[in-house]
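Just so you know, residue 1 is the first one in the sequence shown, and it goes up from there. Keep in mind the model is a prediction, meaning the values are calculated, not measured.
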Amino acid sequence: LKSRRSLTGSVVYGLVFLAVGLVPYLLVGGFYFLLELLQIPFFEARRLQKRPRSPRDAATMLRTLLHILRLQLVALVPYVTLLLGPLCTWRGLPYGLPLPSWTELGVHIVVCALINDFLFYWGHRILHLPRFYNTIHKRHHEFKAPFAWSSEHASTFELLVVDVLPIYVGPLLLRSHALTMYIWLSLRLLYTLEIHSGYDLWLWRLVPFYGGAPMHDHHHKQFNGNYADCFVFWDKIFGTWMEPPPLGAADSQPDGVPRTKKQA
């Protein structure tokens, strides 16, 4: 009976994780997709790369979306349900009443964001070493001008180990309430979509130390540097920070090239 409850809890953790992740991915990504189609002047003025040198048409975006949905079904569903869900059950993450206090919720989300960004920084930086770039990370850099749905355009290994696994580390270490974990997941997905959106909507000005779309868009254009996903200080601490150009100036800068052995 206990093992059955454990299995049920693991499956529930996994399925809710996928639902919480998939809905914002489709809806918010769909919002940015509409911006691409409608080309509203206000938003076009906020576009980071006005003359992108990589495919950014509607057909390419929809093909990318379908590829990512298949990858989630084939790889992410088993990964979360059979591995990460049981880890949550083993760690005894609480769910149900009582709900976490506002203080606990806020502190845990901040700590989870810091842990995730630190782990992502080093995982991402390692993937830019020559021995790993071509075999693992190159797919994600097919788009020098990224769009929201391309945020999860990655190899299976990168998606599961570098992108998803660090999201769980904070909640597992803190034994966060399931509600906290799902709110954290939603926030993590929202800013991942934003930094790949290709638009500077000034959201980075609202959160201290948040690099936002300008930071990560510059990484896609230049290939090297700005390895963190959220905060600017990891790159500044470890000497890989590249200052994003002013809005509208990205097209005047030459594209970067993947890191060479000498640079590594």
Side-chain angles (χ1 to χ4, degrees), residues 17 21 54 64 67-68 71-72 74-76 78-80 83-84 87 110-174 184-185 187-189 191-196 204 209-244 255-264:
F17 174 95
S54 60
T64 301
H67 165 76
I68 292 168
L71 179 61
Q72 290 185 344
V74 173
L76 194 56
Y79 181 67
V80 172
L83 176 61
L84 298 183
L87 279 175
V110 170
V111 173
C112 287
L114 291 170
I115 292 173
N116 173 83
D117 208 42
F118 177 80
L119 294 175
F120 180 87
Y121 171 89
W122 282 107
H124 188 192
R125 184 171 177 177
I126 289 170
L127 290 185
H128 273 263
L129 296 175
R131 69 187 68 180
F132 301 121
Y133 180 84
N134 287 330
T135 56
I136 299 175
H137 191 49
K138 187 176 181 179
R139 175 179 293 177
H140 186 66
H141 274 275
E142 288 179 7
F143 303 105
K144 291 183 179 180
F147 49 92
W149 281 333
S150 72
S151 58
E152 296 185 16
H153 181 65
S155 64
T156 303
F157 178 87
E158 179 178 355
L159 177 66
L160 301 184
V161 177
V162 179
D163 294 345
V164 174
L165 183 59
I167 298 174
Y168 269 84
V169 173
L172 288 170
L173 290 176
L174 299 172
W184 151 236
L185 165 64
L187 292 173
R188 169 68 171 80
L189 186 59
Y191 76 67
T192 299
L193 289 164
E194 192 271 331
I195 67 174
H196 287 89
W204 58 274
F209 307 112
Y210 177 52
M215 176 182 76
H216 197 69
D217 194 271
H218 195 47
H219 167 79
H220 271 264
K221 184 173 174 59
Q222 297 300 325
F223 282 104
N224 304 313
N226 293 3
Y227 298 114
D229 204 29
C230 181
F231 301 114
V232 301
F233 44 72
W234 298 124
D235 283 283
K236 292 186 177 183
I237 290 171
F238 298 116
T240 52
W241 173 251
M242 297 189 304
E243 189 69 29
D255 291 344
V257 295
R259 184 180 292 274
T260 66
K261 292 183 179 180
K262 289 183 178 181
Q263 290 173 312

Item to check | Residue from F238, F209, F118, Y121 passing ring-ring contact (aromatic ring centres under 6.0 Å, His included) with F233 | outcome: F209
Item to check | Pair E158-H140, side-chain donor/acceptor within less than 3.5 Å | outcome: no
Checklist entry - Side chains of H124 and H219: donor-acceptor distance under 3.5 Å anywhere? => result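 There is such a pair between these side chains.
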Give, for atom [atom1] of [X] and atom [atom2] of [Y], the distance between the pair rounded to the nearest 0.5 Å.
X    : Y    : atom1 : atom2 : value
W149 : H67  : CH2   : NE2   : 15.0 Å
F143 : H220 : CZ    : NE2   : 10.0 Å
K221 : H141 : NZ    : NE2   : 13.5 Å
I167 : L189 : CD1   : CG    : 8.0 Å
L165 : L87  : CG    : CG    : 8.5 Å
L119 : D163 : CG    : CG    : 12.0 Å

To check you understand the geometry: which heavy-atom pair defines the closest contact between [X] and [Y], and what is its length?
X    : Y    : answer
L114 : W234 : O-CZ2, 3.9 Å
V162 : G123 : CG1-C, 4.1 Å
I115 : G170 : CD1-CA, 4.0 Å
D229 : D117 : N-OD1, 2.9 Å
R188 : F120 : NH2-CD1, 4.1 Å
S151 : H196 : CB-ND1, 3.3 Å

Next on the checklist: Testing I126, V161, L127, T156 one by one against I136 for a side-chain contact (heavy atoms from CB on, under 4.5 Å), which residue passes?
Outcome noted: L127
Can you find a heavy atom in the side chain of [X] that is under 4.5 Å from one in the side chain of [Y]?
X    : Y    : answer
L76  : L160 : yes
W241 : M215 : yes
V164 : L84  : yes
L174 : C112 : yes
T192 : E152 : no

Item to check | Set of residues satisfying ring pair (Phe, Tyr, Trp, His ring centres under 6.0 Å) with respect to W184, sequence neighbours excluded | outcome: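 Residues passing ring pair (Phe, Tyr, Trp, His ring centres under 6.0 Å) with W184: none at all.
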Next on the checklist: Among residues at least two apart in sequence or on other chains, which ones pass ring pair (Phe, Tyr, Trp, His ring centres under 6.0 Å) with F157?
Outcome noted: none
Item to check | Expected output: side-chain D235 to main-chain Y227 donor-acceptor under 3.5 Å | outcome: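 Answer holds: yes.
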Checklist entry - Counting N and O atoms only, with roles assigned by atom type, does the side chain of N226 sit under 3.5 Å from a partner on the main chain of M242, one being a donor and the other an acceptor? => result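 Yes; judged by distance alone, with no hydrogens or angles, the pair exists.
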